[in-house]
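One structure below.
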Amino acid sequence: MYGHDAFKTVAAVSTPRGKGGIAVIRISGGDTAAILDKCFRPAGKPLAERPFRTAVYGEIFSPRGVIDTGVCTLYEEGRSFTGESMAELSCHGGVYVTGEVLAAVFAAGAEPAGPGEFTKRAFINGKLSLSEAEAVGRLIDADTASRAAMASGAVRGRLSSAVGKIDRALLDVMTALYAAIDYPDEDVGTEGEDRIAEVVEGSLAAVDSLRATYKTGRAVADGVKTVICGRPNVGKSSLYNLLLGEDRAIVTSVAGTTRDTLEDTADVGGVTLRLLDTAGIRETSDEVERIGVERAYVKLESAELIIFVADRAEPLSDDDRELMEKIIPLGAEKILVLNKSDRADALTEGDREALSRFERKVEMSCATGEGKEALEREIAKIYNEGALDLSTDAVIWSAAQRASLDRTAELLSDASRAMREGSPLDAVGVMCETALAELRMVDGRNVSEDIIDGIFSKFCVGK
Ligand code: GDP
């Protein structure tokens, strides 16, 4: 099913490119030991006489001579990351040396590994489920604490075990149903049928609770396209910097200096915000500023979350009100930030009334950081309503996982209805069987080669 690649012995550098203290070359496949015989000479006893999974010091050589000294760890088939016979060869981490060592491994008979090939083999050999394998890539790429927590939870099998539990329940249902179909004389009786219906409904509830994690998982994995907007000088750049925790945008007290748009990711309230800082939106005659302002409007229309910043220390201006009129009808989630809470409140009664059209409001000071937690809580309320703990709860993050679970849920609710309406059991059996097949798409037990290749092609060589 997966072609014959799985049978070749492959190698690649698994540490990042560039200079390092050490570099690690991974070799995986049935010929690993034979290849090492042709490029690694252990100090002392030959590799074959050493226990597996121990560090063995020696010389790495090519037909032209010794390249480096290093350490080799050989893993036996079935007890390695990939599930195959595998080795990790550490050498000094120079760019040239690493390249020569890899070339020596190739000269000894290994072939270059494709992107994500080691992880893909681990999946094919049953060492990792698809969600675990995909999560390995996400953990390596994770740039925020929430992304790392979610990936780490999935690597440790949180999603796989949740899916596996539903899988086993549905298998039990099918066993019971087919027994009833095959031996109609041994009537399962209403009690038996009720029991089956209960398990189907329990599975449906479990599928539904997994589906509900998608909003959070997506917000962490893909990030929420967020626009901070407001007229000049209300504190947009200051908020941007506060959320990023460093000086990304230039803050200045001269109006209209944030001319271009910037994008960055920040971990806020446990989700990933893809922050677009926008030019101060207002009517302007300045040409350069005008271009920035137009771009800002386009971004507003495609934003998923709009943080509208107003300056609490001044009454609302016409610019504030005009911008507000543009934002309120947009479909995005919106949060009003009343900034400069460290200064005296100068908003009028009428201003407060106008601003009450925002359902979510936070009073804060971007200068002192006071109120930042309130903003984080507001964001968590939108994107992590269920208060999921990313590292311990099962969370789905991709549209494909969500689509499979949607279809599973639909089929299970059909099956449950059919059971309750007394439809023939074989019809219910077909629905449950199709539901199980859909469920198995979530975690790679039924996934097509195209989808698997799509997932691993996003990995780099060496992973
Ligand atoms: P932007 O034009 O909306 O991006 O606003 P900036 O972030 O550049 O801020 C404009 C001015 O307001 C700067 O002088 C900031 O130091 C000041 N500022 C921003 N936030 C606060 C705040 O919470 N309190 C006070 N007192 N000043 C602030």
Side-chain angles (χ1 to χ4, degrees), residues 225-266 268-269 273-301 303 305-328 330 332 334-348 351-352 354-355 358 360-379:
K225 214 166 156 188
T226 306
V227 173
I228 298 175
C229 69
R231 66 159 172 83
N233 262 331
V234 289
K236 296 179 299 298
S237 303
S238 306
L239 177 60
Y240 185 82
N241 291 334
L242 180 71
L243 295 179
L244 284 174
E246 49 192 296
D247 278 1
R248 297 290 172 97
I250 301 152
V251 185
T252 150
S253 51
V254 181
T257 48
T258 314
R259 284 178 173 166
D260 215 334
T261 55
L262 298 164
E263 180 172 348
D264 239 313
T265 54
V268 183
L273 297 191
R274 287 170 47 208
L275 287 171
L276 309 175
D277 190 19
T278 58
I281 295 175
R282 58 163 198 171
E283 296 302 323
T284 172
S285 54
D286 180 310
E287 185 62 17
V288 183
E289 208 170 88
R290 200 182 53 76
I291 293 166
V293 170
E294 272 168 16
R295 252 188 242 158
Y297 275 125
V298 174
K299 296 257 159 93
L300 265 183
E301 280 171 356
L305 171 66
I306 297 174
I307 301 180
F308 178 74
V309 186
D311 183 346
R312 220 183 66 124
E314 285 177 29
L316 287 186
S317 71
D318 290 346
D319 282 346
D320 286 318
R321 288 174 186 274
E322 211 172 293
L323 182 55
M324 216 172 93
E325 290 307 319
K326 290 212 162 80
I327 286 169
I328 294 287
L330 296 175
K334 298 161 207 102
I335 298 176
L336 165 68
V337 164
L338 287 179
N339 190 32
K340 310 197 186 179
S341 62
D342 55 304
R343 293 177 58 186
D345 185 356
L347 292 173
T348 67
D351 291 342
R352 292 249 170 211
L355 292 168
F358 285 97
R360 301 176 190 277
K361 180 184 78 174
V362 175
E363 305 225 4
M364 66 184 290
S365 164
C366 296
T368 67
E370 187 205 354
K372 187 180 172 215
E373 292 77 18
L375 177 62
E376 288 174 344
R377 275 197 299 278
E378 221 40 64
I379 289 168

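For ligands, and for the atoms within them, numbers begin at 1 and follow the listed sequence. Hydrogens, waters and symmetry mates play no part in the numbers below; they use all other heavy atoms, side chains included.
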Heteroatom proximity flag, Pro232 to ligand 1, N/O under 3.5 Å | no
A student checking ligand 1 against Lys236 at a 4.0 Å heavy-atom cut-off should list atoms 1 (P), 2 (O), 3 (O), 4 (O), 5 (O), 7 (O)
Got a sec, which residues hit side-chain contact (heavy atoms from CB on, under 4.5 Å) with Arg360, two or more places apart in sequence or on another chain?
-> Glu333, Ile335, Glu378, Lys381, Ile382
Provide the number and element of each atom of ligand 1 under 4.0 Å from a heavy atom of Ser237.
-> 1 (P), 4 (O), 7 (O)
If you measure every N/O of Cys366 against every N/O of ligand 1, is any gap under 3.5 Å?
-> yes
For Ile306 and Cys229, work out which heavy atoms get closest and say how close.
-> CG2-SG, 3.7 Å
A student checking ligand 1 against Asp342 at a 4.0 Å heavy-atom cut-off should list atoms 22 (C), 23 (O), 24 (N), 25 (C), 26 (N)
Is there at least one pair of N or O atoms, one from Ser238 and one from ligand 1, spaced under 3.5 Å apart?
-> yes
Under 3.5 Å: donor-acceptor pair, side chain of Thr226, backbone of Leu275 | no
Using distance alone, with no hydrogens and no angle criterion, decide if Asn241 and Ser238 have a side-chain donor and acceptor under 3.5 Å apart.
-> no
Side chain to side chain donor-acceptor pair (under 3.5 Å) against Asn339, all qualifying residues, sequence neighbours excluded = none
Asn233 versus Asp311: any side-chain heavy-atom pair under 4.5 Å?
-> no
Would you kindly specify which portion of Asn233 sits under 4.0 Å from ligand 1, judged on non-hydrogen atoms: side chain, backbone, both or neither?
-> both
Counting only heavy atoms, which portion of Arg343 has something under 4.0 Å from ligand 1: side chain, backbone, both, or neither?
-> side chain
